[in-house]
Asks: 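The structure's right below; bear with me while I get my questions together.
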Amino acid sequence: MLTGRGEQLTKLADEFSRCLSRNAGVVLIQGLAGLGKTTILNEFSQHLEKRGATVLRGSGRPGDHEAPAAPHKLLDQALHGVAAHVPVVVLVDDVQHVPAPELRRLLTAVRSAHARPLLLVLTEAVQEWHGDPALRTLVLQHPNLLRIFLPPLRPHDVADVLGEAFGESGEESACHRAMAWHAVSGGNPLLLAALLEDHHTATAQQRSPSPAEPQTGAAFSAAVRGILKRSDRIAEDLVRALAVLGRAASPELLSLMLDVSRGTVTRGIQTLTATGLLDGCALRHPLVRTALLDEMAPQARAALHLCAAEHLHRTGGRPLDVAEHLLAAGPSAASDPWVVDVLRGAAEHVLASDVPLAVKYLELACVLCAAPAQRAELRLRLAAVVLRLDPSAVEAHLVEPLVLLDDGRLPECCSGPLARLLFALGRVEEARRTLNRFSAAGGSTGGSAGDSTGGDAGGSTAGGGPEGVPGAAAPAAKAPAEAAALHPATAQVHPLFGTAPAASPAAPVVALPGLAPVRPVRGEPAALVAEGSLPLLALTEATFEPAVTALFSLARGNRRPAEIEAWWQLLTGEAQGWQTPGWQTILTMIRGEIALWQGDLPKAVEYAGASLEGAAEEIGSVFAAGAIATQVLAYTAMGRLGAAARQLSRPVRDSVFRSVYGLKYLRARGHYYLATGRAHAALGEFLTAGRLAKQWSVDQPVLLPWNTDAAEAWLRIGEREPAERLLRGQLGEIGSSRVRGAALRLHAGLGEPGRRTRTLALAVAELEKSGDRLELARALADLGRAHWALGEFSRAGAITDRAWQLAKECGADALCEAIRPGRLKAHEQSRADDDASSPLSKLSDSEVRVAALAAQGSTNREIAAELYITVSTVEQHLTRVYRKLNIRGRRQLTMDFGLNHLPLASEIA
């Protein structure tokens, strides 16, 4: 590559012409590694041969295959074997490696041949001269010496090279391209040629790289190694240290790392800048750094990173820079206390902007920490941070702290964080035991395992677990009231199962950011407090749990689905903004749970499935079990029992059944058993869930209605007495409209036929307030049957139709089939065959229902009563029906459109 070397070649040609006048001369071509000194010699040699000169080649580099003999012997042979008038040119590459005696004899021979046409051309890599300084001075003091310096290529020289390579020149894009390639190569011809080779290789491999963006590959890495090989050892060590240090590099730090003087470092930087590898005290381009790091052995690279971290720490470098090098050094880093402190501090610093990096810092700190107590504290902090990325991976980080807890060696400062994490995982009993242990020990950190009120924190007690539940914990004493005061975490709200022990089901607690959990004042529902707090929340580690709690409070407050969806979107957007997929997974799981409460079965399946994808790395975790439970309940209600069975076949850990998520799982499995005709098995699941809920003080029917579940199972078995006992106990408590409505529906089946309609009407009224459309559809279906049994066929049909439509909107195909066997299939077929030009297609679903009842002779008041709407609404519907069908009254509904023969299962909105 001779582009940009025309001036140097012209000087050589002129010097040769001068030596033809029988004036012996010396030319010294000086340049750094890779700048093309050998290429210049090769081109000049061809020029000389064309002019009839005798050309002798030699090299001073050891092992160079181009050095057939010592340079002075070549010259002696030429002077004695060539006619005096024939010009002789001796080309010696890498003169800095020629032994001193050889070089002295060579220079003496040139001086003595002053009357002959003789030219000695030497190349010198200026950074490599380690010989006798006096000898180099002898070369420089030769009277006929011409020194030629080879500078790096300029940007326009690079543009010419690229123009020849890509067939373009003079274009503005080519100029921009040249600047990019010059930035990487630094104008070093060797590096530039390597970049071109890598580009051609990528093109041959059909990767189609853009000419505007240079790529480094094997050729570039080999070129960098070649330059370093031809440089001195200091330069080689220096450039590798710079590659490791990155932006933290400074002459002072480099001097400490390499154990050389600052002056040596400064000269090395100047030399490497001239080669094109550096730009001041930094590598010229990230690609150069990548090539250098890739070329280094992993152990050597780790050692350099560790050395950099130690010197940066000693000299007061930025802690983040120190932590970055410790992370790169990995487990080979020392376990000194300052190392752990730096990593912990760095994790907290980057937590707001780079959660995965914070996790890496904390993981390394845990590996390097030698003190078990401190390592437990780090593990708990790591678990809290991991929750932001993958909730299902949290459990693995609690194993070591729980072991220390059992051994009585867990520091008291870890009790709160451990209890909080256990509580987040739904392991409320273990959280309570953690707090109880320190409360019973009077706050000491040296309590023994016998101080625990609940036995083993990590497993079950022999014979104490519920039958059929792997890993279930044995009953434990309730936390004393003072424990809640000492540890406010016990009074917080668990998102799925209400309050922890210190709270009362009748007075739900709402946690607000930065404050202790508060109870709503009398007459002020928790949902109102939650609604007031949500707009103020900016998601952080401290506010995430209260935000989730507030969202659940809104859902329990029977707010409109659109309103709950808006708040959920707000929180999810915040979580996405913080790049916390773990929080997004939890919010998605919660959204699936809320959809299930609302009776939106397809959405419940969708959101639960999405949360399972977010926790896919840790199969069988407590969070995964919660999402599986949501899907099983939804699939079962939809009649998709095969899909429910596939979800139940997924593995879950034993630890699931020590968490409130396990209670959900037991309930879901019970409903699957109930739907598949195994009522006894279902009853066992429901009773086990209820027993555990009582043991853990989380027995809240609004979230785990095991009483009504078990009552339904008893009824399926044919045992009325235990079912009635459970339902009366449930109805005797102050509960939510959802729970009360479900209990009333089941209790109606125990009463006399004449009284069922009244009880079911109360159930319907409660469920209409709850927002649970699926349970409302069940109650309406039972109410329709009750009216039918009394001979009230018209009302029964209207109510049954409404129940069928609600079940259809919920996606509960199994309930649709139970209400109107075969109608779902017929309905779907009729929709497919429906003629869009039919006059009735102009009517809304609600208008069709009102018109059908009117055509059958029902009065407006009767229609309102049967459809549970106002008389005014009926009048408005009929007015629109008349206008759309262009008729005058209800008589024409029968005569012209036959609406009195329409199935009462017509769709409603």
Asks: Any salt bridge linking E545 with R420? Criterion: basic side-chain nitrogen under 4.0 Å from a carboxylate oxygen.
Replies: yes
Asks: Which value, rounded to the nearest 0.5 Å, describes the distance between Q631 atom CD and M638 atom CE?
Replies: 10.0 Å
Asks: Take E685 and Y673 through the test side-chain contact (heavy atoms from CB on, under 4.5 Å) and record every step on the way to the result.
Replies: CA-CA 9 Å; E685 299 290 271; Y673 288 155; 3.8 Å; yes
Asks: Find out whether L418 and L402 are in side-chain contact, i.e. whether some heavy atom of one side chain is under 4.5 Å from a heavy atom of the other.
Replies: yes
Asks: Would a 4.5 Å heavy-atom cut-off, applied to side chains only, mark Q598 and L774 as touching?
Replies: no
Asks: Just wondering, do F657 and L666 contact through their side chains at under 4.5 Å, heavy atoms?
Replies: yes
Asks: Check A803 against A781 and note the closest heavy-atom contact, atom names and distance.
Replies: CB-N, 3.4 Å
Asks: Taking the side chain as every heavy atom from C-beta outward, state whether V428 and L422 have any pair of such atoms under 4.5 Å apart.
Replies: no
Asks: Mind running side-chain hydrogen bond (donor to acceptor under 3.5 Å, both in side chains) on T708 and Q730 for me, showing each step along the way?
Replies: CA-CA 8 Å; T708 51; Q730 186 63 70; 5.9 Å; no
Asks: Measure from the side-chain N and O atoms of R738 to the backbone N and O of V702, and report whether any donor-acceptor pair falls under 3.5 Å.
Replies: no
Asks: For A668 and A629, which heavy atoms make the closest approach, and how far apart are they?
Replies: CB-O, 3.5 Å
Asks: Just by distance, no angles: are the side chains of E792 and W788 close enough, under 3.5 Å, to form a donor-acceptor pair?
Replies: no
Asks: Hey, mind stepping through H787 and T757 against side-chain contact (heavy atoms from CB on, under 4.5 Å) and telling me if it holds?
Replies: CA-CA 7 Å; H787 280 294; T757 54; 3.9 Å; yes
Asks: Taking C-beta and beyond as the side chain, do R667 and Y672 meet within less than 4.5 Å on heavy atoms?
Replies: no
Asks: Please name the pair of heavy atoms, one in A604 and one in A595, separated by the smallest distance, quoted to 0.1 Å.
Replies: N-CB, 3.7 Å
Asks: Distance-only, no hydrogens or angles: does the R740 side chain make a donor-acceptor pair with backbone N or O of L731 under 3.5 Å?
Replies: yes
Asks: Please test T800 against L780 for side-chain contact (heavy atoms from CB on, under 4.5 Å), starting from the C-alpha separation and ending with a verdict.
Replies: CA-CA 7 Å; T800 301; L780 285 170; over 6 Å; no
Asks: Kindly compute the distance separating CG (D782) from CD1 (I799), expressed to the nearest 0.5 Å.
Replies: 11.5 Å
Asks: When you measure from the side chain of K664 to the backbone of G626, do you find a donor-acceptor pair of N or O atoms at a distance under 3.5 Å?
Replies: yes
Asks: Among R427, R653, E430, E429, which residue meets the side-chain contact (heavy atoms from CB on, under 4.5 Å) test with S659?
Replies: R427
Asks: Would you say the side chain of L727 lies within less than 4.5 Å of the side chain of E724, judging by non-hydrogen atoms?
Replies: no
Asks: What's the spacing between S415 OG and R433 CZ if we round to 0.5 Å?
Replies: 15.0 Å
Asks: Determine whether L425 and L398 satisfy the following criterion, side-chain contact (heavy atoms from CB on, under 4.5 Å), listing intermediate values before the conclusion.
Replies: CA-CA 11 Å; L425 293 173; L398 302 187; 3.5 Å; yes
Asks: In Å, rounded to the nearest 0.5 Å, how long is the span from CG of L633 to CD of Q647?
Replies: 11.5 Å
Asks: To the nearest 0.5 Å, tell me how far F623 CZ sits from E395 CD.
Replies: 8.0 Å
Asks: Looking at E752 and R756, is there a salt bridge between them, counting it only when a charged N and a carboxylate O are closer than 4.0 Å?
Replies: no
Asks: So, for T636 and A644, which heavy atoms are closest and what is the spacing to 0.1 Å?
Replies: OG1-CB, 3.8 Å
Asks: May I ask you to decide if the ring planes of W583 and F544 are parallel, tilted or perpendicular, using 30° and 60° as cut-offs?
Replies: parallel
Asks: Output the distance between atom CD (E721) and atom CG (L726), rounded to the nearest 0.5 Å.
Replies: 11.0 Å
Asks: In the structure I gave you, are the side-chain heavy atoms of Y665 and I628 within less than 4.5 Å of one another anywhere?
Replies: yes
Asks: To check you understand the geometry: which heavy-atom pair defines the closest contact between H671 and F686, and what is its length?
Replies: N-CZ, 3.6 Å
Asks: Compare every heavy atom of A637 with every heavy atom of L601, then report the nearest pair and how far apart it is.
Replies: CD1-CB, 3.5 Å
Asks: Heavy atoms, side chains only, cut-off 4.5 Å: are L704 and D699 in contact?
Replies: no
Asks: Any salt bridge between R802 and E768, counting N to O under 4.0 Å?
Replies: yes
Asks: Go through the steps for W568 and Y607 under the test ring pair (Phe, Tyr, Trp, His ring centres under 6.0 Å), then give the verdict.
Replies: CA-CA 12 Å; W568 179 79; Y607 285 119; 5.3 Å; yes
